[in-house]
Protein chains: 2
Amino acid sequence: MTTLKDIARLAGVSTATVSRIINGKGEAGLDTIRKVNKIVAEMGYKPNTVAKTLSRRESSLIALLIPNLNNPFFSELVGEIERAANQHGFQIYLCNSEDDREKVEYYLETMADNYVMGAIINSLFVTVEDLRWLESRGISTITIDRTQLAHPYSAVAVDHVHGGYIAAKEVIGERHHQRLVFLSGPANEKSSEDRYAGYLKAVKEADAVNLGQLFGNFDITSGYQACYDFLQDGTIIDGIVSSNDAMALGAIRACQDLQRQVPKDIRIIGYDNTSYGAYSIPRLSTINQFKKKSSDIIIEELIRVHQHNQKAKKYQMEPELITRETT
Amino acid sequence: MTTLKDIARLAGVSTATVSRIINGKGEAGLDTIRKVNKIVAEMGYKPNTVAKTLSRRESSLIALLIPNLNNPFFSELVGEIERAANQHGFQIYLCNSEDDREKVEYYLETMADNYVMGAIINSLFVTVEDLRWLESRGISTITIDRTQLAHPYSAVAVDHVHGGYIAAKEVIGERHHQRLVFLSGPANEKSSEDRYAGYLKAVKEADAVNLGQLFGNFDITSGYQACYDFLQDGTIIDGIVSSNDAMALGAIRACQDLQRQVPKDIRIIGYDNTSYGAYSIPRLSTINQFKKKSSDIIIEELIRVHQHNQKAKKYQMEPELITRETT
DNA sequence: GCGTATTCAGAAATCGATTGCAAGTTTTAT
DNA sequence: ATAAAACTTGCAATCGATTTCTGAATACGC
């Protein structure tokens, strides 16, 4: 492999000069620049990433900490973030926490070890102290959605209160005295609680009855279980507002198994707008979260804060109702 | 941060000695070992990953090249591989190629740049030359499934011919003169073609009629489209054998939209055993691929070949039929 | 023409490890 | 007791960049 040294030797200058020219830093004579650039091009020289990382104490990786990949919301998000990061010359360091504090700690450490430029955090098990620790290691952070944190760093979140509100309104429609349940994520999960707050507001406004929350962990099996257990004894309800699509899909299946028709007997709405909901039977109504747009914002925010040393911002995305067949 | 130098100074020995002790390499006096270890523990010293990578020209990353994350087969696989890699102290460098040759090239380069220890390859756009190039850069490779390559490196694959065979047999059952179509992945996709071969064998044995292949790209939308277009004009078929679960789910939805009952009019089987198929309406019969076991094998094979310099092996996994409601 | 400001470019330290070589010390064999 | 073998350990080079400091060369003002 060609190294900086080789280029320097061939151009008859020092490595310092070559480095400066390549990075467009500081000064250099016009003809020196031309000569060096020519040789760089001829040799197809590319700086060694690892050496660069070591000496700058910063890599071109962005850490992405998520609880799992089974939930299509996350897998789709990872894809979008990867794309957005790529456009700015960054790669993804995937950290799959499985909602396990030990794995979270492991990954926080390896993020620092690898001098990642920034970290995108989505985990129930990351504390404000963790974010501070990352900051102390020169790592910018941004939390996305589904976190329960109040912190001074960057954040992108959908307006979940509003999302829960429009979801519940869609399920209720013009009807009166509707009996509803809220299919929630893990207890203490902030975004889920926000949606629940919006749901409660809609319930109140519409003179409906809230039969409480069912708790799941965002995956399809947990949604199925929670609904099946709840409906098994014949409890009559009119609608289910779910905290995500996967659990809603599980809920549909549970209704089917218990001979409740969707949407005739029970109307159901999901949250996230993942591709599986678009082709389920019946097609799932849901709330869209603009994953693509959020991803661009996330990456740009990280770069903005890190490179230009500007202060962190909070972003709020407006959720959007997508009506399909389950409501 | 504590560095090797600090430890060396505190222990009153050279960095060389500390390095040797930490890595269990070569020789060291028993009391020196004890002393150094004590100080290492006291200071909570952890070697700098990047420096180590630079000097050893090998990192603790394993590259994972996949076409996308939308297909749950991949997202579930990524999760399993990540888990398996972690157990051996490796992390994942996620390379999402989007089946785009340019992105593949980009990632092959960055793999080398980052001195990844090994690469797990699943892409239609990687050539044998690419694998050779990786080898020349000291990167062990293993291809998984869905590749069209004959190469001398490691590989894990399900016996897709057999998988296609048992899938088709399940759809056909004991019936005669069945009219079937095969819902395929992209043309030239080896594993899909293998399954097709197995399918053809079963068709022949059972005296059934093959109406040909429909092509998709493994995502749910493409499965829906392909089936919808094919069935729209009233063509009568008895069964669909799909190359993956996502497309099968799309196919179910297409049948529903065209008033064909599943499994009464048309029986459908998927492939991969992803979680969405377990809760669809009707529940999807499928072929299981042992993602977890494969993931362990993949990581262990990479380590075996790389660290112990042993020759590459090929692994064949036997597929397993999972009967649910669509057949 | 001379002092000063500005450019340009190199030497050398640094980032934080690993490792080949050689020297010094201890063991073992005879 | 002594030569040879086997351990321990340190020096210094290396991995491949970045960056501070400094000196030389050039430009500029008057």
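Keep in mind that this is a model prediction, so the values were computed, not measured.
- A donor-acceptor pair shorter than 3.5 Å cannot be found between the side chains of A/Asn68 and A/Glu98.
- A heavy atom closer than 4.0 Å to some atom of DNA chain C occurs in no member of residues 29-37 of chain B.
- Judged by distance alone, with hydrogens and angles left aside, the side-chain atoms of B/Asn122 form a donor-acceptor pair with the main-chain N or O of B/Ile144 at under 3.5 Å.
- Atom NZ of A/Lys5 and atom P of C/dA11 are 13 Å apart (whole Å).
- Residues B/Val18 and A/Tyr45 both approach DNA chain D. Their nearest nucleotides, taken by heavy-atom distance, put B/Val18 toward the 5′ side.
- Here A/Thr3 lies in heavy-atom contact (under 4.0 Å) with sugar-phosphate atoms only.
- Atom CD of A/Glu102 is surrounded by 12 or fewer heavy atoms from other residues, nucleotides or ligands within 6.0 Å.
- As rounded to whole Å, 13 Å separates atom P of D/dC15 from atom CG of A/Leu4.
- Look at CD1 on A/Ile7: it is 9 Å from P on D/dA17, rounded to the nearest Å.
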Run A/Glu76 and A/Lys291 through salt bridge (Lys or Arg N to Asp or Glu O under 4.0 Å) and show every step you take. CA-CA 8 Å; A/Glu76 291 175 15; A/Lys291 291 185 252 328; 3.6 Å; yes

Grab the N/O contacts between the protein and nucleotides 20-26 of chain C below 3.5 Å, and write none if there aren't any.
from, atom 1, to, atom 2, distance (Å)
C/dG20, O6, B/Arg20, NH2, 3.0

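- For the OP1/OP2 pair of D/dC15 and a distance below 4.0 Å, the side-chain nitrogens and oxygens of A/Asn48 include no atom meeting the criterion.
- Not counting sequence neighbours, the partners of B/Asp113 by the salt bridge (Lys or Arg N to Asp or Glu O under 4.0 Å) test are A/Lys46.
- A close approach under 4.0 Å does occur between a side-chain nitrogen or oxygen of B/Lys25 and OP1 or OP2 of C/dT19.
- Between the side chain of A/Asp130 and the backbone N or O of A/Val126, no donor-acceptor pair lies under 3.5 Å.
- For the helix from C/dG1-D/dC30 to C/dT30-D/dA1, the rotation axes defined at the first and last 5 base pairs enclose an angle of 30°, given to the nearest 10°.
- Across all non-hydrogen atoms, the minimal contact from A/Ile21 to A/Ile33 is CD1-CA, 3.8 Å.
- Following rounding to the nearest Å, B/Ile22 (CD1) and C/dG16 (P) show an atom-to-atom distance of 14 Å.
- A search for salt bridge (Lys or Arg N to Asp or Glu O under 4.0 Å) contacts involving B/Glu135 returns nothing, not counting sequence neighbours.
- Considering only the side chain of A/Ser14, C/dA11 comes nearest among C/dA11, D/dT18, D/dG16.
- No side-chain N or O of A/Gln289 forms a donor-acceptor pair with one of A/Ser294 less than 3.5 Å apart.
- Here B/Tyr115 does not reach the OP1 or OP2 of C/dA17: none of its side-chain N or O atoms lies under 4.0 Å away.
- In the region residues 50-61 of chain B, proximity to DNA chain D at under 4.0 angstrom, judged on heavy atoms, holds for B/Leu54, B/Ser55, B/Arg57.
- Here the side chain of B/Val13 is nearest to one of C/dG10, D/dA12, D/dG10, namely D/dG10.
- Enclosure of atom NZ in B/Lys314 by more than 12 non-hydrogen atoms of other residues, nucleotides or ligands within 6.0 angstrom is indicated.
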Give the C-alpha distance, both sets of side-chain angles, the deciding distance and a yes or no for salt bridge (Lys or Arg N to Asp or Glu O under 4.0 Å) between A/Asp31 and A/Arg34. CA-CA 5 Å; A/Asp31 32 355; A/Arg34 255 195 293 275; over 6 Å; no

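- Defined by atom type and a distance below 3.5 Å, a donor-acceptor pair is missing between the side-chain atoms of A/Ser97 and A/Tyr106.
- Ion pairing between a basic and an acidic side chain is recognised when a charged N comes within 4.0 Å of a carboxylate O; B/Glu300 and B/Arg304 show no such pairing.
- Side chain to side chain, A/Tyr315 and A/Ser154 fail the donor-acceptor criterion of an N or O pair below 3.5 Å.
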